[in-house]
Amino acid sequence: MQITKYLTGPLQVNTYVVYDENNKKGFIVDPGGYDERITDEINTKDIKLEYIVLTHGHADHIGGVEQFKTDFPDAK
């Protein structure tokens, strides 16, 4: 399991990219804002993004969902 932490959004919330290095399946946790570095990591490492996980619905934890859904339309 690989985990990368990013600080995203105006409040710099902890956002994580998590994936299994064997099957390349992964997910994003709490995208507080859109950060192109996350999309770049997922594409560069050929991660199959399956989910965008939200720990709760506060705006500082969900601000990037819409753009990441555009980048990864199959993510649930």
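The model shown is predicted, which means the values in this text are computed figures rather than measured ones.
Taking CD1 from I28 and OG1 from T4, the interatomic distance works out to 11.0 Å, rounded to the nearest 0.5 Å.
Hydrophobic clustering of Ile, Leu, Val, Met, Phe, Trp and Tyr side chains at less than 4.5 Å, counting indirect connections, unites I38 with F72. Residues M1 and V53 fall within the same hydrophobic cluster, defined by Ile, Leu, Val, Met, Phe, Trp and Tyr side chains chained together at heavy-atom separations under 4.5 Å. Cluster annotation: Y6 and I3 are assigned to distinct hydrophobic clusters (Ile/Leu/Val/Met/Phe/Trp/Tyr, side-chain heavy-atom contacts under 4.5 Å, transitive). Placement of V13 and F68 in two distinct hydrophobic clusters is found when ILVMFWY residues are connected by side-chain heavy-atom separations under 4.5 Å, directly or transitively.
Contacts classified as ring pair (Phe, Tyr, Trp, His ring centres under 6.0 Å) and involving residues 39-66 (residues at least two apart or in different chains) are given here: H56-H58, H56-H61. Residue pairs meeting the side-chain hydrogen bond (donor to acceptor under 3.5 Å, both in side chains) criterion with at least one partner in residues 67-76, sequence neighbours excluded, are Y34-D71, T39-D71, Q67-D71. Sorted by first then second residue, the salt bridge (Lys or Arg N to Asp or Glu O under 4.0 Å) pairs that include residues 31-40, not counting sequence neighbours, are D35-R37. Among residue pairs with one or both ends in residues 13-29, those qualifying as side-chain hydrogen bond (donor to acceptor under 3.5 Å, both in side chains) are T8-T15; sequence neighbours excluded.
Residues passing the side-chain hydrogen bond (donor to acceptor under 3.5 Å, both in side chains) test with K45 are E41, sequence neighbours excluded. Under the rule for a side chain to side chain contact (heavy atoms under 4.5 Å, CB included), the partners of L54 that lie at least two apart in sequence or sit in another chain are D30, P31, I52, I62, V65.
Panel note: side chain Q12, backbone G9; a donor-acceptor pair is recorded below 3.5 Å.
Between G32 and P10, the closest heavy-atom pair is O-CD, 4.4 Å.
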